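Reading through the structure tokens given below for one structure.
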There are 2 protein chains.
Amino acid sequence: MNSEERTHYCGELNRQNLNEEVCLLGWVRRKRDLGSLIFVDLRDRKGIVQLVFSQERNPEEYALAKKLRSEFVIGVKGRVLSRGEKDRNPYLPTGEIEVLVHKIEISSESDTPPFPVEDDAIINEELKLEYRYLDLRRPLQNKRIQERHKLLQLVRNHLSEEGFIEIETPFLTRSTPEGARDFLVPSRLRAGEFYALPQSPQLFKQLCMVAGFDKYFQIVRCFRDEDLRADRQPEFTQIDIEMSFPTEEIIMKMAERLLEKIFKEFSFEATFPVPKISYREAMEKYGTDKPDLRFGIEIKTISEIVKDCSFGVFRSALEKGEVIRAIAAPSQFTVSRKEHSNLEEIVKPFGAKGVIVISRVDGKPSGSPVKHIGEGLADKILNFLEVEERGSALIIAAPYSIACASLSSLRLYIGRKLKLCETSKNSLLWVHRFPAFEWSMEESRWVSCHHPFTMIREEDIPLLEKKPEEVEALAYDIVLNGFEIGGGSIRIHRENLQRKIFKVLGFTEEEAIQKFGFLLKAFKYGTPPHGGIAFGLDRLAMILMGCESIRDVIPFPKTTSGLCLMTSSPSEVDPGQLKELKLKIEKERN
Amino acid sequence: MNSEERTHYCGELNRQNLNEEVCLLGWVRRKRDLGSLIFVDLRDRKGIVQLVFSQERNPEEYALAKKLRSEFVIGVKGRVLSRGEKDRNPYLPTGEIEVLVHKIEISSESDTPPFPVEDDAIINEELKLEYRYLDLRRPLQNKRIQERHKLLQLVRNHLSEEGFIEIETPFLTRSTPEGARDFLVPSRLRAGEFYALPQSPQLFKQLCMVAGFDKYFQIVRCFRDEDLRADRQPEFTQIDIEMSFPTEEIIMKMAERLLEKIFKEFSFEATFPVPKISYREAMEKYGTDKPDLRFGIEIKTISEIVKDCSFGVFRSALEKGEVIRAIAAPSQFTVSRKEHSNLEEIVKPFGAKGVIVISRVDGKPSGSPVKHIGEGLADKILNFLEVEERGSALIIAAPYSIACASLSSLRLYIGRKLKLCETSKNSLLWVHRFPAFEWSMEESRWVSCHHPFTMIREEDIPLLEKKPEEVEALAYDIVLNGFEIGGGSIRIHRENLQRKIFKVLGFTEEEAIQKFGFLLKAFKYGTPPHGGIAFGLDRLAMILMGCESIRDVIPFPKTTSGLCLMTSSPSEVDPGQLKELKLKIEKERN
């Protein structure tokens with residue numbers, strides 16, 4: 001039986017089809033042999049339906065059904081019948097009916113799969129990736145890829161309707177050694193030279209603006225050869241959008257229209273318009289530039305309050321120019337000795353020395369630090385932080401950035417532990433007014449916080465030479481439930497300003513020309529002001545579908561160390577291939 | 001002025017907008033200074049409109065307009081006025097109106113561009129690629145990329161409506177040394193190992209079928225590291241479609257529905273349903289598997305007619321088992337001595353020794369071969385070929401494949417020279433029933449004509465071992481005006497048959513497992529019958545838009561030697577990057 005004969009997908013059948021002759025194609029989910037009747041659950045990408053084979057009525061088909069095992073591929077023809085009252089399955093959309101089969105063809109047999117093809121199967125992650133094609137056959141996992149398809153079309157159609165043009169940019173392009181590490185592609189026709197896979201189509205989309213396209217988009221694969229952390233992939237998909245003559249506000253509104261459309265389609269609730277917060281305020285209140293605002297617990301600085309305290313930890317920190325900052329943990333969060341040591345484990349990786357905990361018990365400050373600080377001051381701190389009865393102040397004394405990172409993590413830990421996120425609404429937030437540059441200790445130079453093509457505030461241009469740390473970028477991120485799902489900036493479109501920025505970043509004139517000469521050249525021929533935004537499609541899909549990992553929404557993901565366990569790549573290649581590329585693998589020196 | 005203030009694109013204005021206040025953003029196409037009035041043509045991606053600056057009415061704006069030069073980026077506000085009767089431009093959609101400017105902002109200046117940004121500019125190809133962003137600003141070229149966008153959305157929406165799911169397959173994948181040469185991507189985390197960029201998502205789309213997706217598509221970049229011929233690109237875009245439970249007929253109908261939709265949208269005329277021809281018949285009648293059927297001129301074999309002729313050329317060919325084949329050139333095609341030598345130049349590269357020409361003049365055979373062949377036989381040949389008065393028989397004596405290639409080229413040469421294609425309808429054609437294997441002299445083994453995953457006719461399976469040359473593949477190409485625009489096949493879905501095919505291709509069991517073990521493994525777990533088709537998007541777009549080269553429809557194309565002249569890639573990379581990859585460039589040995 002072929003796809004033209006198929007009348008329905010399994011999941012589409014219901015009481016409305018009673019007595020219809022149907023033809024179905026799918027996989028045997030399971031078989032129950034009840035003697036003269038055999039029941040088979042048939043699965044395809046739209047659902048599951050029960051087939052019945054009757055020894056009495058269709059002995060030949062019954063005999064074939066005897067042979068069926070899980071994951072056999074079959075085609076059947078039969079009649080839709082109502083199930084008896086007591087045989088109905090209220091958990092299955094097709095649970096009121098079954099199909100009495102009078103014709104069956106076995107298209108393909110199957111060995112016993114390495115794991116059950118069921119949603120509730122608990123499967124080792126590596127096995128899942130090795131047999132991804134079976135993992136993807138599981139209904140929920142299959143559905144996710146179908147939903148991703150829906151998302152892709154939705155985005156493209158929405159942007160097309162808004163007048164954006166999809167323009168395909170090259171994958172074999174030039175290595176631009178700024179930002180993350182490039183994947184290289186050796187050229188054979190010019191042995192010794194390399195293409196690079198794009199980390200993003202940044203320069204090409206800017207050149208699209210120079211070319212007069214005015215509104216560009218692309219859903220595009222990007223590549224970063226990073227030391228992979230959990231939930232990073234060496235290749236990932238980006239919704240890439242750029243437009244001419246924008247303002248930050250125009251781009252934000254455009255992005256919000258897109259998100260609002262997506263969220264509506266995926267029944268994902270969030271409030272529009274999206275509030276904005278400056279980078280500085282985000283750090284001040286939440287210690288991070290991607291705060292999860294589904295719950296409160298704001299950070300407060302108490303340096304001023306404790307400035308005369310003789311407690312050594314506070315004193316030495318303040319003397320070094322560090323800060324004392326704190327959050328108020330609610331009463332449901334009990335800081336036992338064990339919990340305290342958990343908290344200290346959380347902040348250690350950031351460089352904080354410890355967490356000072358003062359609780360309020362029976363209205364009074366409690367905990368070992370109280371005797372060093374004094375009850376009066378401790379009470380003042382609790383009051384300032386508005387710590388409730390049985391709640392606690394968690395205090396960090398450290399350099400500003402360490403205090404921020406530590407308290408942000410403590411905040412999230414409490415939020416998760418108390419499940420503060422689950423009952424509340426999704427939280428969307430713009431973070432903007434980022435600093436343009438940060439000092440890289442490693443490279444002993446200023447580096448761009450966003451990227452070197454980011455426009456800065458017009459009024460900050462005079463600060464470029466003397467105070468780059470004070471220059472603000474026209475860059476913005478959009479944060480959903482504490483995940484950065486998108487970010488962008490207004491770009492530089494003037495050659496002389498771009499040159500100045502390169503200078504701040506420590507490039508000589510020659511280096512700037514060698515690396516980005518083609519962009520500087522393009523800027524000479526009538527470049528419109530432009531800017532844009534890019535969304536991480538994988539992460540967005542993950543959140544929309546309530547998944548734990550981006551691997552769940554990527555059809556064929558790699559491991560965190562960049563391996564494809566299904567095809568065993570990367571792999572060794574034929575020496576002849578390397579010879580053609582004039583490349584040699586260097587032996588490890590022992 | 002920003003994009004939110006813009007009220008119209010330039011090309012959208014006409015008499016209906018008379019007296020409206022408008023805001024436009026665009027590029028100065030040219031300026032004419034008429035003393036107290038300055039006229040400026042303003043261009044954006046939707047067209048051109050005339051601006052007027054009046055010294056009398058808006059002296060400040062007039063003064064700024066004085067400074068304008070070609071390709072300056074400006075924003076203007078003004079009022080739409082009717083042009084005087086004699087000033088109307090009937091060649092411009094906006095030619096009845098002009099915009100009297102009362103506010104102007106110069107966003108960006110421009111150096112004199114290296115070539116005029118005009119459709120009719122004649123530009124050196126290399127300069128065009130180096131300044132692609134200016135080339136793309138030319139209205140016709142800009143339009144092509146916008147039309148390509150339309151094509152992309154049309155295809156995705158059509159396929160989505162037909163229930164196909166877009167599934168993104170990996171770019172960093174496994175090298176499969178069958179088919180063309182792979183581009184390799186060195187892995188850093190596993191130095192010495194490589195990913196390969198996909199030549200097509202062949203195996204992944206098959207695995208999508210194993211995963212139960214049933215109908216897959218993707219508009220996807222593919223990569224082939226070939227010695228580039230004219231009009232080939234190292235990266236190209238493919239419309240990739242695969243489905244489960246198909247027949248050849250089902251896939252052809254699905255493909256025709258897609259093409260019919262596209263053609264309709266692009267006002268490109270062709271007849272559906274599309275006729276089918278077998279590979280053998282195509283070779284027999286047109287000498288090629290991608291015949292241009294916009295004109296006739298079929299090849300005929302005259303071996304039988306001339307078998308007793310004593311003419312040395314015929315005799316020696318027939319003795320060697322070669323064939324004598326011919327076409328009839330129409331009367332408009334005069335074979336002068338010079339033309340005859342052109343014809344011989346055409347066939348030489350294929351290995352043919354020459355072209356025997358017999359014309360019919362005043363009803364009689366004419367030309368030097370007549371004396372060798374004899375007038376009677378020459379007349380018989382002319383009659384058999386139905387050569388008209390003043391027409392000619394062009395005869396080739398050669399091995400079958402050389403005769404085919406030669407006559408196919410002669411046929412196309414005549415068609416082009418006489419412009420037989422231009423007046424007639426576009427011709428779509430399916431070519432199918434290809435041989436599965438051909439003998440590779442180079443590799444001394446059978447190779448797949450399509451690819452090793454192509455299903456063969458069920459009844460030919462017994463021929464696999466003894467007579468692979470007789471085995472027919474379930475493969476098909478679709479040909480438009482002599483260009484192969486798409487092709488596909490039914491795939492093998494049974495592990496044992498796939499193993500047999502690998503054996504025919506000369507792989508040992510070990511090699512088969514090493515190279516394609518993951519596919520063979522997947523086939524063990526319930527693989528549905530499946531097949532598909534892929535269209536070359538670049539070529540399709542090229543034909544739809546009547547372009548000469550695929551470079552015209554690719555936003556950022558490379559040269560035929562794989563260079564990006566705009567960004568100068570490939571390029572040398574930092575030695576540190578190679579060190580991290582543990583790679584060394586081998587010096588050329590002199």
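No experiment lies behind these values; they were computed from the predicted model shown.
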(message) Tell me the closest heavy-atom pair linking A/S107 and B/P529, and the distance in Å.
(response) CB-CD, 3.8 Å

(request) May I have the step-by-step check of side-chain contact (heavy atoms from CB on, under 4.5 Å) for B/Y525 and A/T112, ending in yes or no? (result) CA-CA 7 Å; B/Y525 297 103; A/T112 303; over 6 Å; no

(message) Among B/S561, B/P246, B/S160, B/S187, which residue has the highest count of heavy-atom pairs closer than 4.5 Å to chain A?
(response) B/S160

(message) Less than 4.5 Å apart, side chain to side chain, heavy atoms only: is that true for B/F518 and A/L565?
(response) no

(request) Among the options A/A196, A/S568, A/P557, pick out the one with the most heavy-atom pairs lying under 4.5 Å from chain B. (result) A/S568

(message) I need the single residue from A/R148, A/K150, A/Q146, A/Q153 that forms a side chain to side chain donor-acceptor pair (under 3.5 Å) with B/E166. Which is it?
(response) A/Q153

(request) Taking the side chain as every heavy atom from C-beta outward, state whether A/S571 and B/Y195 have any pair of such atoms under 4.5 Å apart. (result) no

(message) Counting heavy-atom pairs under 4.5 Å with chain B, which one of A/R181, A/K524, A/E249, A/M566 comes out on top?
(response) A/R181

(request) Please tell me if the side chains of A/P170 and B/K558 come closer than 4.5 Å, counting only heavy atoms from C-beta onward. (result) yes

(request) Pick whichever of B/S3, B/P555, B/S569, B/P570 has the most heavy-atom pairs under 4.5 Å with chain A. (result) B/P570

(request) Flag yes if more than 12 heavy atoms outside B/K584 fall under 6.0 Å of its NZ atom; otherwise flag no. (result) no

(request) Heavy-atom pairs under 4.5 Å with chain B are the metric here; pick the option from A/Q141, A/E130, A/R188 that has the most. (result) A/R188

(message) What part of A/Q206 gets within 4.5 angstrom of chain B, counting heavy atoms only: side chain, backbone, both, or neither?
(response) neither

(message) Any donor-acceptor pair under 3.5 Å linking the side-chain atoms of A/E4 with those of B/T247?
(response) no

(message) Can you confirm whether B/C564 sits close enough to A/R174 that some side-chain heavy atom of one is under 4.5 Å from a side-chain heavy atom of the other?
(response) no

(request) May I have the step-by-step check of salt bridge (charged side-chain N to carboxylate O under 4.0 Å, His left out) for B/D214 and A/K46, ending in yes or no? (result) CA-CA 10 Å; B/D214 184 290; A/K46 299 215 174 156; over 6 Å; no

(message) Just so I understand: if I count every heavy-atom pair under 4.5 Å between each of A/I145, A/D135, A/L184 and chain B, which residue has the most?
(response) A/L184

(request) With sequence neighbours excluded, give me every salt bridge (Lys or Arg N to Asp or Glu O under 4.0 Å) pair touching residues 559-574 of chain A. (result) none

(message) My understanding is that only residues two or more places apart in sequence, or in another chain, count here; which of them pass side-chain contact (heavy atoms from CB on, under 4.5 Å) with A/L25?
(response) A/M1, A/R6, B/F245

(request) With the side chain counted from C-beta on, respond yes when A/E168 and B/T237 share a heavy-atom pair under 4.5 Å apart, and no when they do not. (result) yes

(message) Can you confirm whether B/H149 sits close enough to A/F217 that some side-chain heavy atom of one is under 4.5 Å from a side-chain heavy atom of the other?
(response) yes

(request) Return the option, out of A/L189, A/I250, A/I167, A/N157, with the maximum number of heavy-atom pairs under 4.5 Å with chain B. (result) A/I250

(request) Look at B/G26, B/G75, B/G517, B/G192 and state which one has the largest set of heavy-atom pairs under 4.5 Å with chain A. (result) B/G192

(message) Which one wins on heavy-atom pair count under 4.5 Å against chain B: A/T173, A/V185, A/L203, A/L519?
(response) A/V185

(request) Assess whether atom NZ of A/K143 is packed by more than 12 heavy atoms of other residues, nucleotides or ligands within 6.0 Å. (result) no

(request) Might you point out which heavy atoms bring A/R190 and B/L563 nearest each other, and give the distance in Å? (result) CD-CD2, 3.2 Å

